[in-house]
Amino acid sequence: MVIGPKKARSWTQLPCPHRLLCVPEHCASARFVAVAAVCLLVVVGTYYVLCSPADADGQTEQRFFDMWRRRSAVRAYGGDDLEAALRGAADANRTLILSVLNKAYAEEDGLLDLFVRSLREGEGTAQLLSHVLLVAMDRPAYHRCMSLGGIRCYRLPASRNDTQDLSSEQLYMSDGFIRMMWRRIRLLGDVLKHGYSFIFTDLDVMWLRNPFPSLNRTGEEDLLISSDKFNGRPRDYLSNELNTGFFFVVANNRTAALLARGGSAGLKEQDVLNQMKRRHVFRRLGVRARVLDTARFSGFCQDSRDARQVATVHANCCRTMRAKIADFWAILRAARRLNGTTQLRWPPHSQCAKSWI
């Protein structure tokens, strides 16, 4: 006896005349065709959403981003461990400050100590320390980070595809340097997939003032990025040479797609980014970018003329870590002499100039 409604037969149990695409042997080929068609529709639909330009208000792509970001993110770089680290450092708007270090950068009296010191002594920067997350690429760097106290640290899991030891100093444009830069970009892309916006800063960037007010965010830009030499036109990202040593990026589908672009052999991520802008990838993805003025976001390539305006100083156009440290000490000593009324010119970056000889 059967209690309840009689169970209906599945479509595979129906006699052949009642089924579509019916062939002998229980319609096995029909089932295969149906499954293949569904898979093809899913792949095509996903490709269309990811590769189509941004819609008028960005809502469609953002909804899709919200759906896939967490699922894809937990599969990479420690999953929930990374999420916990990001959540601990982020403010109420899911925004934080990120930097990456290895053993060489973490050595005592090196760039890490100078970076942290600039944050502790800068104008309005001490309050930002609780929102800084330092990502260590190796165990010695992680232990050194943890020893600082008051700084949040995260240990980047080893990459299964990259067995090269990157703990030593990687000279500019060496194979190790390029590998380290691309590993960093993969991490930052994963942070975006978690839904966190962030300032990324190299450790060779000194923070003299809180940079957030100087960003002058309008809510319309996806990417605010520094340049080696600013041409005076912030919207002209095509002509300005972009520098990935300092930038602010908003978490959305457009920026995640931008950072998900693969690398090119022999090119660092900064070169590839400049290459993509020239090939109009920014426009196709709908990424809205603005270039930061070197008057406020200064660097060794192009000094700000008035130190009173400067928020950050980047030791770009410099090859070795030793030269950067020497010239940064000169910068910090000069910054202490600034009393807010005197126009101060930076000391010459003599050691960095010699690093190319």
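By convention here, the first residue in the shown sequence is residue 1.
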key: Heavy-atom closest contact (Ala311 atom, Ser214 atom, distance)   = CB-OG, 4.2 Å

task = Please list all pairs passing the ring-ring contact (aromatic ring centres under 6.0 Å, His included) test where one or both residues lie in residues 119-140, with sequence neighbours left out.
result = none

Non-neighbouring partners of Arg139 that pass side chain to side chain donor-acceptor pair (under 3.5 Å), sequence neighbours left out = none

For Tyr196 against Glu83, the heavy-atom pair lying closest together = OH-OE2, 2.8 Å

ask   = Partners of Asn210 by side-chain contact (heavy atoms from CB on, under 4.5 Å), sequence neighbours excluded?
value = Gln127, Leu128, Phe212, Pro213

ask   = Arg290 side chain to Leu215 main-chain N or O, any donor-acceptor pair under 3.5 Å?
value = yes

ask   = Would Val287 end up clustered with Ile185 when hydrophobic side chains under 4.5 Å apart are linked, directly or stepwise?
value = yes

message = Ignoring hydrogens, what is the shortest heavy-atom contact between Arg209 and Ala307? Give both atom names and the distance.
response = NH1-O, 3.2 Å

key: Residues which pass ring-ring contact (aromatic ring centres under 6.0 Å, His included) with Phe247, listed by chain and number, not counting sequence neighbours   = Phe200

query = How far does CG of Asp204 sit from CZ of Phe328, to the nearest 0.5 angstrom?
reply = 5.5 Å

inquiry  = Holding to side chain to side chain donor-acceptor pair (under 3.5 Å), I want the full list of residues that pass it with Ser130, two or more places apart in sequence or in another chain.
reply    = none

task = Over all heavy atoms of both residues, which pair between Ala90 and Leu96 is shortest? Give the atoms and the distance, please.
result = CA-CB, 4.0 Å

query = Do the charged groups of Arg144 and Asp138 touch, with an N to O distance under 4.0 Å?
reply = no

request  = Over all heavy atoms of both residues, which pair between Leu258 and Leu273 is shortest? Give the atoms and the distance, please.
outcome  = CD2-CD1, 4.2 Å

inquiry  = Can you confirm whether Phe115 sits close enough to Leu134 that some side-chain heavy atom of one is under 4.5 Å from a side-chain heavy atom of the other?
reply    = yes

query = Is there a path of hydrophobic side-chain contacts, each under 4.5 Å between heavy atoms of I, L, V, M, F, W or Y residues, that connects Leu203 with Met321?
reply = yes

ask   = Would you say the side-chain atoms of Ser355 pair up with the backbone N or O of Arg319, donor to acceptor, closer than 3.5 Å?
value = yes

inquiry  = If I take atom CG from residue Leu111 and atom NZ from residue Lys324, how far apart are they, to the nearest 0.5 angstrom?
reply    = 7.0 Å

Quiz: residues 292-301 side-chain donor-acceptor pairs under 3.5 angstrom, not counting sequence neighbours:
unit_1 : atom_1 : unit_2 : atom_2 : d
Asp293 : OD1    : Ala295 : N      : 2.9
Thr294 : OG1    : Gln302 : OE1    : 2.7
Ser298 : OG     : Ser304 : N      : 3.0

query = Are Leu223 and Phe282 close enough that some pair of their side-chain heavy atoms sits under 4.5 Å apart?
reply = yes

remark   = Residue set satisfying side-chain contact (heavy atoms from CB on, under 4.5 Å) with Ala353, at least two apart, ordered chain then number -> none

message = Considering only residues two or more places apart or on different chains, which pairs with a residue in residues 118-152 satisfy disulfide (SG to SG under 2.5 Å)?
response = Cys145-Cys153

ask   = Taking only residues two or more places apart in sequence, or in another chain, which ones meet Asp222 in a side chain to side chain donor-acceptor pair (under 3.5 Å)?
value = Asn252, Arg254, Arg288

ask   = Can you list the residues that meet the side-chain contact (heavy atoms from CB on, under 4.5 Å) rule with Val116, with sequence neighbours excluded?
value = Leu112, Arg120, Leu148, Ile151

ask   = Please walk me through it: do Phe246 and Ile199 pass side-chain contact (heavy atoms from CB on, under 4.5 Å)?
value = CA-CA 7 Å; Phe246 184 95; Ile199 281 182; 3.8 Å; yes

key: side-chain contact (heavy atoms from CB on, under 4.5 Å) between Ile97 and Trp207, worked out   = CA-CA 12 Å; Ile97 300 162; Trp207 289 43; 3.8 Å; yes

key: Side-chain donor-acceptor pair present, Asn231, Asn240, cut-off under 3.5 Å   = yes

key: Results of side chain to side chain donor-acceptor pair (under 3.5 Å) for Asp327 - residues two or more places apart only   = none

query = Taking Trp329 for the side chain and Leu114 for the main chain, is one N or O donor matched with an acceptor at less than 3.5 Å?
reply = no

query = Does the Asn274 side chain pair with the main chain of Leu242, one donor and one acceptor, at a distance under 3.5 Å?
reply = yes

message = Within the 4.5 Å heavy-atom criterion, are Asp81 and Arg155 side-chain neighbours or not?
response = no

request  = Rounded to the nearest 0.5 Å, what's the gap from CD on Glu241 to OG on Ser226? Could you check?
outcome  = 11.5 Å

ask   = In terms of hydrophobic clustering (I, L, V, M, F, W, Y; side-chain heavy atoms under 4.5 Å; direct or indirect links), are Leu86 and Val249 co-clustered?
value = yes

key: Value rounded to 0.5 Å, distance of CG in Asp236 from OG in Ser227   = 10.5 Å

ask   = Would you call Glu221 and Arg235 a salt bridge, taking side-chain N to carboxylate O under 4.0 Å as the test?
value = yes

key: Derivation and outcome, side-chain contact (heavy atoms from CB on, under 4.5 Å), residues Ile225 and Tyr237   = CA-CA 9 Å; Ile225 188 166; Tyr237 64 83; over 6 Å; no

message = As an exercise, state the distance from OG1 of Thr244 to CZ of Arg184, rounded to the nearest 0.5 Å.
response = 5.0 Å

ask   = Roughly how far apart are Arg233 CZ and Ser239 OG, rounded to 0.5 Å?
value = 5.5 Å

message = Determine whether a donor-acceptor pair (N or O, by modelled atom type, separation under 3.5 Å) exists between the side chain of Arg94 and the backbone of His194.
response = yes

ask   = With a 4.5 Å heavy-atom cut-off, do Thr201 and Thr312 have their side chains touching?
value = no

task = With sequence neighbours left out, write down each residue that passes side-chain contact (heavy atoms from CB on, under 4.5 Å) with Ser197, or none if nothing qualifies.
result = Thr95, Phe248, Val250, Ala251

key: Closest approach of Gly245 to His314 (non-hydrogen atoms, all atoms of both residues)   = CA-CE1, 3.7 Å

